[in-house]
There are 2 protein chains.
Amino acid sequence: MNRRNTPTKEAILDLLSNSTKALSQDAIERQINIKINRATIYRVLNRFCDDDVVHKIVAEDGKQYFAVCKKCENPQEVIQHHFHFRCLLCDTIECLQVPVEYSFPNGYEVQNANCVLSGVCNDCS
Amino acid sequence: MNRRNTPTKEAILDLLSNSTKALSQDAIERQINIKINRATIYRVLNRFCDDDVVHKIVAEDGKQYFAVCKKCENPQEVIQHHFHFRCLLCDTIECLQVPVEYSFPNGYEVQNANCVLSGVCNDCS
DNA sequence: TATTTTATTGCGAATAAGTTGCAATAATAC
DNA sequence: GTATTATTGCAACTTATTCGCAATAAAATA
Ligand SMILES: [Mn+2]
Ligand SMILES: [Mn+2]
Ligand SMILES: [Zn+2]
Ligand SMILES: [Zn+2]
């Protein structure tokens with residue numbers, strides 16, 4: 001399954017790259033300047049996830065949000081397990097450069113993390 | 001809105017109290033020994049949440065899970081912000097007595113947390 | 001450049017989780 | 001016992017996401 005470059009793919013990655021927030025499918029469809037089918041957006045996003053280009057966050061609303069999340073110092077490198085923040089006032093979700101730390105009981109093997117804190121964000125406080 | 005005691009309400013709370021795992025609506029419907037309507041189960045669960053009797057976890061699958069989560073030492077008291085663990089092998093979600101700790105940038109006011117780590121649980125490893 | 005291969009897309013339909021309106025039921029207060 | 005109204009069941013609805021399939025168009029090949 002070799003990947004192909006398409007206008008759709010580039011437009012979505014462009015939008016995500018220039019956004020400070022994680023975006024849902026409908027936010028992408030609203031903000032993008034070309035017409036892309038709903039199913040296609042999901043398929044492109046899922047491919048990005050498979051290729052580790054973006055990562056997916058599931059919020060308390062049960063919806064999927066997608067972000068190209070990079071380290072501050074080293075923008076190429078993606079932080080592995082970091083917190084996300086959902087502002088209840090401006091209704092946005094952002095990646096935070098705050099690592100998820102925990103001391104787990106033996107016998108548990110942690111592979112993935114989906115951590116969303118919610119409240120009032122920096123902009124709204 | 002005074003609350004009333006009903007067989008439905010008691011059966012659901014009973015099931016949750018005796019479960020070591022967080023349960024979804026369909027798991028409750030499957031495991032309970034009386035017939036309860038889907039909408040009713042959700043309404044009872046949401047009332048429990050409003051009354052702080054149970055708490056809701058949203059997992060990476062976007063589904064809602066409910067648990068009566070208590071401290072080990074002091075079973076009455078509910079831990080505020082703790083991690084949850086989703087086992088990818090046995091497909092269960094459990095509350096862990098592991099507090100969610102973070103050092104957040106100023107300006108963020110954290111009110112709630114929805115943190116689910118996933119991997120292989122103690123039973124399956 | 002022309003042809004072939006197959007990844008990608010759009011469309012519509014399907015699935016699944018959760019909610020809501022409404023009338024019937026039943027717990028509790030009086 | 002009667003009245004009040006919280007709770008329930010049912011069906012319909014909403015919303016998010018996925019899927020099958022045929023059409024399109026990148027990229028590889030000749
Ligand atoms: Mn992130
Ligand atoms: Mn819990
Ligand atoms: Zn905000
Ligand atoms: Zn397990």
Side-chain angles (χ1 to χ4, degrees), chain A residues 1-16 21-67 84 86 91-93 114 116, chain B residues 1-16 21-67 84 86 91-93 114 116:
Chain A
M1 286 257 197
N2 282 333
R3 294 281 130 92
R4 294 181 180 178
N5 290 321
T6 67
T8 291
K9 177 181 169 178
E10 296 202 355
I12 293 177
L13 187 56
D14 224 61
L15 182 62
L16 283 175
K21 309 288 182 179
L23 300 179
S24 60
Q25 173 274 321
D26 61 282
I28 291 172
E29 189 170 336
R30 258 184 285 109
Q31 291 179 32
I32 216 160
N33 47 12
I34 58 175
K35 172 73 190 151
I36 314 177
N37 181 267
R38 188 173 65 247
T40 302
I41 295 178
Y42 277 113
R43 281 186 283 224
V44 169
L45 289 170
N46 287 331
R47 259 177 263 143
F48 281 155
C49 286
D50 291 342
D51 298 345
D52 293 320
V53 175
V54 311
H55 63 281
K56 182 196 293 190
I57 307 116
V58 177
E60 313 98 291
D61 59 6
K63 285 175 65 180
Q64 303 179 352
Y65 294 80
F66 300 86
H84 298 89
R86 175 186 186 77
D91 195 39
T92 61
I93 294 188
N114 188 77
V116 182
Chain B
M1 285 254 198
N2 281 334
R3 294 281 131 90
R4 295 181 179 177
N5 290 321
T6 67
T8 291
K9 177 180 169 179
E10 296 202 355
I12 293 177
L13 187 56
D14 223 60
L15 183 61
L16 283 175
K21 308 288 182 179
L23 300 179
S24 61
Q25 173 274 320
D26 60 283
I28 291 172
E29 189 170 336
R30 257 184 287 108
Q31 291 181 31
I32 216 160
N33 48 12
I34 57 175
K35 173 74 189 151
I36 312 177
N37 181 267
R38 185 172 71 251
T40 301
I41 295 178
Y42 278 114
R43 281 187 282 224
V44 169
L45 290 170
N46 287 331
R47 260 177 261 142
F48 281 155
C49 285
D50 291 343
D51 299 345
D52 292 320
V53 175
V54 312
H55 62 282
K56 181 195 293 188
I57 307 116
V58 177
E60 314 98 291
D61 60 5
K63 285 174 64 179
Q64 303 178 350
Y65 294 80
F66 299 87
H84 298 90
R86 174 186 185 77
D91 195 39
T92 61
I93 294 188
N114 188 75
V116 182

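Here is the naming used below: chain letters follow the sequence lines, and residue numbers restart at 1 for every chain.
For the pair B:Lys56 and A:Asn2, both in contact range of DNA chain C, the more 5′-proximal nearest nucleotide belongs to A:Asn2. Both B:Gly62 and B:Pro7 lie near DNA chain C, and the one whose nearest nucleotide falls closer to the 5' end is B:Gly62.
Within 4.0 Å of B:Thr8, counting heavy atoms only, lie sugar-phosphate atoms of the nucleic acid but no base atom. Using a 4.0 Å heavy-atom distance criterion, B:Gln25 is classed as making no nucleic acid contact.
As a whole-Å value, the separation of B:Arg43 CZ from D:dA11 P is 14 Å. For the pair B:Asn37 CG and C:dC22 C1', the computed distance is 13 Å after rounding to whole Å. Here the P atom of nucleotide C:dT8 and the CD1 atom of A:Ile12 are 12 Å apart, to the nearest Å. To the nearest angstrom, C1' of D:dC13 lies 15 Å from OH of B:Tyr42. The CD1-P distance, from A:Ile28 to D:dT17, rounds to 11 Å in whole Å. Between B:Ile41 atom CD1 and D:dC10 atom C1' the separation is 14 Å, expressed in whole Å. Between A:Leu45 atom CG and D:dT17 atom P there is a gap of 10 Å when expressed in whole angstrom units. Between A:Ile32 atom CD1 and C:dG10 atom P the separation is 11 Å, expressed in whole Å.
Within the structure, a side-chain polar atom (N or O) of B:Thr40 is placed less than 4.0 Å from OP1 or OP2 of D:dG9. Taking only side-chain nitrogens and oxygens, B:Asn46 comes nearer than 4.0 Å to OP1 or OP2 of C:dT19. Proximity of B:Thr6 to the phosphate of D:dA6: no side-chain N or O atom is located under 4.0 Å from OP1 or OP2. OP1 or OP2 of D:dT8 lies within a sub-4.0 Å distance of a side-chain N or O belonging to B:Arg47. In this model, the phosphate group of C:dT28 is approached by a side-chain N or O of B:Asn5 to a distance below 4.0 Å at OP1 or OP2. At the phosphate of D:dA12, neither OP1 nor OP2 sits under 4.0 Å from any side-chain N or O atom of B:Arg38.
Atoms CZ and CD1, from A:Arg43 and A:Ile12 in turn, are 11.5 Å apart once rounded to the nearest 0.5 Å. Note that OH of A:Tyr65 is 13.5 Å distant from NZ of A:Lys56, once rounded to the nearest 0.5 Å. Here A:Glu29 contributes atom CD and A:Leu15 contributes atom CG; the two are 12.0 Å apart, rounded to the nearest 0.5 Å. Note: A:Leu45 CG to A:Leu13 CG = 10.0 Å, rounded to the nearest 0.5 Å. In this structure, A:Glu60 CD and B:Asn114 CG are separated by 5.5 Å, a value rounded to the nearest 0.5 Å. Taken from NE2 in B:His55 to CG in B:Asp52, the straight-line distance is 11.0 Å, to the nearest 0.5 Å.
Annotation: the terminal axes of the helix from C:dT1-D:dA30 to C:dC30-D:dG1 meet at 30°, where each axis is the rotation carrying the C1' atoms of four end pairs onto the next four (5 pairs per end, rounded to 10°).
For B:Lys63, counting side-chain heavy atoms from C-beta on, the closest listed nucleotide (D:dT17, C:dG18, C:dT19) is C:dG18. Distances were taken from every side-chain heavy atom of A:Gln64 (C-beta onward) to each of C:dT5, D:dT8, D:dT18; the shortest belongs to D:dT18. Considering only side-chain atoms of A:Ala39, the nucleotide from D:dA6, C:dT19, D:dC19 that sits closest is D:dC19.
Annotation: side chain of B:Ile57 is not in contact with side chain of B:Arg86 (no heavy-atom distance under 4.5 Å).
Atom CG of B:Asp51 sits in a crowded spot, with more than 12 heavy atoms from other residues, nucleotides or ligands closer than 6.0 Å.
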